[in-house]
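What follows is one structure encoded as structure tokens, with my remarks underneath.
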Amino acid sequence: MLKGLPVINLQDGTRLGDICDLSVSGDGRVKALLLKKGTFIKKTFSIKVENVDSFGWDGVMVKDQSVLEALQGPPEFTLEHQGKLSGKMMYSQEGEQLGLFEDVYFQEELGTIVGYELTDGFFSDITTGKRVIKAADPPAIGKDAIIVNVEKS
């Protein structure tokens with residue numbers, strides 16, 4: 001999970017902010033990382049995925065502050081904020097209810113989502129754990145649900 005990780009400038013080691021969310025396009029790609037920057041008045045900025053030098057366990061590294069872009073308007077979809085995806089019901093194309101969407105796994109270089117973390121609720125997570133499914137195609141993201149073509153093993 002990227003949320004809460006610091007974004008570090010490779011040039012001088014400065015902490016530029018902390019990741020607060022992901023910007024996801026309607027065709028199922030992670031377009032940008034959203035980060036909060038500032039001490040008292042926190043502003044939201046975005047970093048396009050292709051401008052990230054590396055994703056580490058303890059931080060995200062970028063070449064310098066020039067990759068930060070002021071957020072011009074609300075992203076199409078995010079995991080937890082505007083156009084929130086987290087908590088939406090996910091269905092297979094065959095109509096099977098898969099669970100509630102919670103997080104994504106994506107190829108860092110391209111932003112392509114390769115897996116979805118699903119939950120059936122707190123107690124189910126404790127007893128059986130969360131599930132990860134892989135999709136064969138980009139999802140159909142709607143107002144009330146997310147539809148995926150589940151990759152057959």
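Counting begins at 1 with the first residue of the sequence. Because the structure is predicted, anything quoted here is derived from the model rather than measured.
- Looking only at atom types and distance, the side chain of N149 has a donor-acceptor partner in the side chain of D137 under 3.5 Å away.
- Cation-pi contact between K37 and F45: present, with separation from the ring centre below 6.0 Å and deviation from the ring axis of at most 45°.
- What you find for W57 and L5 is that their closest heavy atoms are O-CD2, 3.5 Å.
- Using modelled atom types, no side-chain atom of T14 and backbone atom of L16 make a donor-acceptor pair closer than 3.5 Å.
- By the 4.5 Å heavy-atom criterion applied to side chains, V7 and V62 are counted as neighbours.
- Cluster annotation: L71 and V30 are assigned to distinct hydrophobic clusters (Ile/Leu/Val/Met/Phe/Trp/Tyr, side-chain heavy-atom contacts under 4.5 Å, transitive).
- A donor-acceptor pair shorter than 3.5 Å can be found between the side chains of Y105 and E117.
- Considering only heavy atoms from C-beta on, V148 comes within 4.5 Å of M90 through its side chain.
- Counting only heavy atoms from C-beta outward, the side chains of L118 and V132 never approach each other to under 4.5 Å.
- Within the model, atoms CD of Q65 and CG of N9 stand 7.0 Å from one another, a figure rounded to the nearest 0.5 Å.
- If you chain together hydrophobic residues whose side chains sit under 4.5 Å apart, I146 and I113 fall into the same group.
- Using a 4.0 Å cut-off between a side-chain N of Lys or Arg and a carboxylate O of Asp or Glu, E69 and K48 qualify as a salt bridge.
- Inspection of the K36 and T44 side chains reveals an N or O donor paired with an N or O acceptor under 3.5 Å.
- Looking at every heavy atom in both residues, D103 comes nearest to F101 through O-CE1, 3.6 Å.
- Using a 4.5 Å heavy-atom cutoff, the side chains of K134 and V114 are not in contact.
- Atoms NZ and CG, on K31 and L22 in that order, are 12.5 Å from each other to the nearest 0.5 Å.
- Each of I19, L34, D18, D21 was scored for a side-chain contact (heavy atoms from CB on, under 4.5 Å) with L2, with one residue passing: I19.
- For the atom pair L35 CG and K43 NZ, the distance stands at 12.5 Å (nearest 0.5 Å).
- How far OH of Y116 is from CG of L98: 11.0 Å, rounded to the nearest 0.5 Å.
- How far NZ of K88 is from CD1 of I147: 10.5 Å, rounded to the nearest 0.5 Å.
- Tracing side-chain contacts under 4.5 Å through hydrophobic residues (I, L, V, M, F, W, Y), one never reaches I8 starting from V60; they form parts of separate clusters.
- No more than 12 heavy atoms of other residues, nucleotides or ligands lie within 6.0 Å of CG in D58, so this atom counts as exposed by the packing criterion.
- Nearest heavy atoms, G99 versus M89: O-SD, 3.2 Å.
- The closest donor-acceptor contact from the side chain of N51 to the backbone of V67 lies at 3.5 Å or more, if one exists at all.
- Once rounded to the nearest 0.5 Å, the distance linking OG of S66 with CD1 of I47 reads 10.0 Å.
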